[in-house]
Amino acid sequence: MIVVSVGYLLLAVYHWASDIVLLFAIVALMAIFVWMCTGIAAVLFPYTARKMFEDSPVNRRVGGIPLLSIVGAIDAAIMAYFIYITMFT
């Protein structure tokens, strides 16, 4: 629900923007936001769907932490940085 709300908000900004560079930046921002949400979902997946994660072929752990969560956290952090760059530079 939050992703849809933010998507509609960014779509409204996209509709009212007149500069083509701004339009490309907003489209990129929407795509980056979706990838960040995917990273957050990867972090939470091993804990919210434990049975499904344990039965999956990606059931690997590094130091007791699921590898999927580590990769998801790295993805979310990188995408948050890209969002920061897109919005404030």
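Note that the structure is predicted; figures quoted are calculated from it, not measured.
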Check: P66 and Y47 side chains under 4.5 Å, non-hydrogen atoms: yes
A76 to M36 - nearest heavy-atom pair and separation: O-CG, 3.8 Å
Heavy-atom pair of closest approach, residues G72 and A42: CA-CB, 3.9 Å
Same cluster (ILVMFWY, side-chain, under 4.5 Å), [X] and [Y]:
| X | Y | answer |
| --- | --- | --- |
| L29 | Y81 | yes |
| M52 | V71 | no |
| I26 | I83 | yes |
| V43 | V34 | no |
| I40 | M30 | yes |

Distance in Å, [X] [atom1] paired with [Y] [atom2], rounded so as to fall on 0.5 Å steps:
| X | Y | atom1 | atom2 | answer |
| --- | --- | --- | --- | --- |
| I32 | T86 | CD1 | OG1 | 4.0 Å |
| I70 | D75 | CD1 | CG | 14.0 Å |
| F33 | M79 | CZ | CE | 13.0 Å |
| T48 | F53 | OG1 | CZ | 10.5 Å |

Side chain to side chain donor-acceptor pair (under 3.5 Å): pairs with one or both residues in residues 57-74, sequence neighbours excluded: E54-N59, E54-R61
